[in-house]
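Remarks on the structure that follows.
Each chain gets a letter, A, B and so on, in the order the sequences are listed, and its residues count up from 1. These numbers come from a predicted model, not from an experiment.
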Amino acid sequence: MTDWTGSLSLDLEDRLGKTVAKRVYFQGAFKVMRPIYADDSGQVCYYLLNPGGGYLDGDRYKMEISADEGSKVTLTTQSATKVYKTPTSYAYQEAEINLKKGSYLEYLPDPLIAYENAHYKQRNIVHMERGATFLYTDILTPGWSPSGEKFSYDTIQLVTEIYWDGKLGVFDHIKLVPKQQNITGLGFMEGYTHLGSMIAVSDQMDNVLLDALYEMIQAEEADFSFGISNLAIPGFSLRIQANATQTIERILNQCHTIISEKWNNRPPSSLRKY
Amino acid sequence: MNNNLLSLFQLCDSNFPIGSFSHSFGLESYIQEDKVHNQETFLGWLKVYLHEQLVYSDGLASRLVYEALVDNNIQEIWRLDRLLTVQNLPRETREGTQMIGDRMLKLTETLYGLPILSQYREEVKSKNAFGHPAIVFSMVAHGLHVSKQDTILYYLYSAISSQVQNAVRAIPLGQTAGQTITHQSIPELTQAVETIMALSYDDFGMVSPGIELSQMKHERVHLRIFMS
């Protein structure tokens, strides 16, 4: 199918230490704002935005991003992705990311908010050469519902596939269907409402970093539950269950800071949202 | 009962020396948090582990591998071996499964002498494959002409009965309680096979967040009797 509600493609390259777009294209209800350089590192930040204000019944979005050798980019959203009720067909978003060796891409979207009877499916496909770095986060949030019910959405399904050096290295598949699952019970959300994830892949990954992240998160004072573990390829995955977006955001931001200082020798630039 | 089926039963025995008794796949985290502490709470965990993790990973893989063997599509098996391994995000669970798969492969190659097992071992040795018990089991069962449904059913039975034995030791539970749970899990296993037969490729690797978290958390459990 090619009838996208919105699509965008962005190809990045390094020009004398500054990351610039060699091609930007978008159509329909998906846009990128002008590039922002928050510091003198040459890393570029693009805000993705959905001018419609939310994902509706049957909406389909696609983005294709590529980063050439040496380019450094942050992709984020302008605000939370809101998925409203989808009575006939689920809303879908697909991202395909291609990273050349020595490139750095962080994809840090705002939380996903799924409202009553919303069905959302997302697929991220990342192809990385050895020596590339990829950092990804997501936060799943139940939206307000008239009945006050916490899990009023229909389905949230997220699939992330990371190919590393030509081979599948990570396959992550989360599917929450509250009406079919004992969503609050043992094995599922276990009394929590929000789910946060981070996946990082880099040749620079080591156990010192894994332990540093674990210790930092362990010392957080809030009601949450988490697990962090090495991937089958150099990198880690982190999962957090909590009752507030802010708790997950704070932990993910601190992880981002530790990783950035270790891998890029500088703190991350702040992502200003308006 | 024929000899082939009996021959496969040897693989289902929780005493089959492939190290299954060293891996709790996150159960020990729940025991330490006191969320699993008796027959009832353990049965609750077992059902979620079966219906929300095994069904979409080992169970579906076992079916797809069997179908690939029927179609003689060997490349598909190596693809499933990788998918099954990398979808297992918690390191201990992933590496533990790989260790069990490796030992099972060595032992079954000796016992059953099927060419496909030798081929799988070669792939593992040359690091083109990881080795997974669900795949080894399906290869043996297919080689013994056991039906596809029965292959999945017996594989799930062996996975569940190992965990019952682990729970008897770790919680601890009485031997009678253990046998009662195994007995209660029979209709669950039949239901799981029905689910698996109706799944599509898009369902592969779905994981429930709590189960996965417990498996990640186990890395940091200090006093432990299990490796995962």
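In terms of heavy-atom pairs under 4.5 angstrom with chain B, the leader among E161(A), K167(A), Q181(A), Q157(A) is K167(A). Options I233(A), V159(A), L195(A), I228(A) differ in how many heavy-atom pairs under 4.5 Å they form with chain B, and the most are formed by I228(A).
In this structure, F204(B) and F171(A) approach most closely via the heavy-atom pair O-CE2, 3.4 Å. Of all the heavy atoms in L213(B) and F226(A), the pair that sits closest is CD2-C, 3.2 Å. Of all the heavy atoms in R94(B) and N230(A), the pair that sits closest is NH2-O, 2.8 Å. When every heavy atom of L89(B) is checked against every heavy atom of R239(A), the shortest pair comes out as CD1-NH2, 3.6 Å. Closest heavy-atom contact between G210(B) and Q241(A): N-NE2, 3.8 Å.
Residues F188(A) and E52(B) are in side-chain contact: their nearest non-hydrogen atoms beyond the backbone lie under 4.5 Å apart. You'll find the side chain of K35(B) reaches within 4.5 Å of the side chain of E190(A), heavy atoms only. Annotation: side chain of R91(B) is not in contact with side chain of L210(A) (no heavy-atom distance under 4.5 Å). For the pair M216(B) and S237(A), the minimum side-chain heavy-atom distance is below 4.5 Å.
Within a 6.0 Å radius of NZ in K262(A), more than 12 heavy atoms belonging to other residues, nucleotides or ligands are found. With a 6.0 Å radius and a threshold of 12 heavy atoms from other residues, nucleotides or ligands, K100(A) has its NZ atom at or below the threshold.
There is no contact between Y49(B) and chain A, counting heavy-atom distances below 4.5 Å. There is no contact between Q215(B) and chain A, counting heavy-atom distances below 4.5 Å. Contacts of V48(B) with chain A are made by side-chain atoms alone, with heavy-atom separations under 4.5 Å and no backbone atom involved. Only the side chain of L176(A) comes within less than 4.5 Å of a heavy atom in chain B; its backbone stays farther off. When heavy atoms are compared at a cutoff of 4.5 Å, Y192(A) does not approach chain B at all.
Within the model, atoms CG of D202(B) and NZ of K175(A) stand 8.5 Å from one another, a figure rounded to the nearest 0.5 Å. In this structure, R220(B) CZ and S229(A) OG are separated by 8.5 Å, a value rounded to the nearest 0.5 Å.
Checking side-chain atoms of H173(A) against main-chain N and O of Q87(B) turns up no donor-acceptor pair under 3.5 Å.
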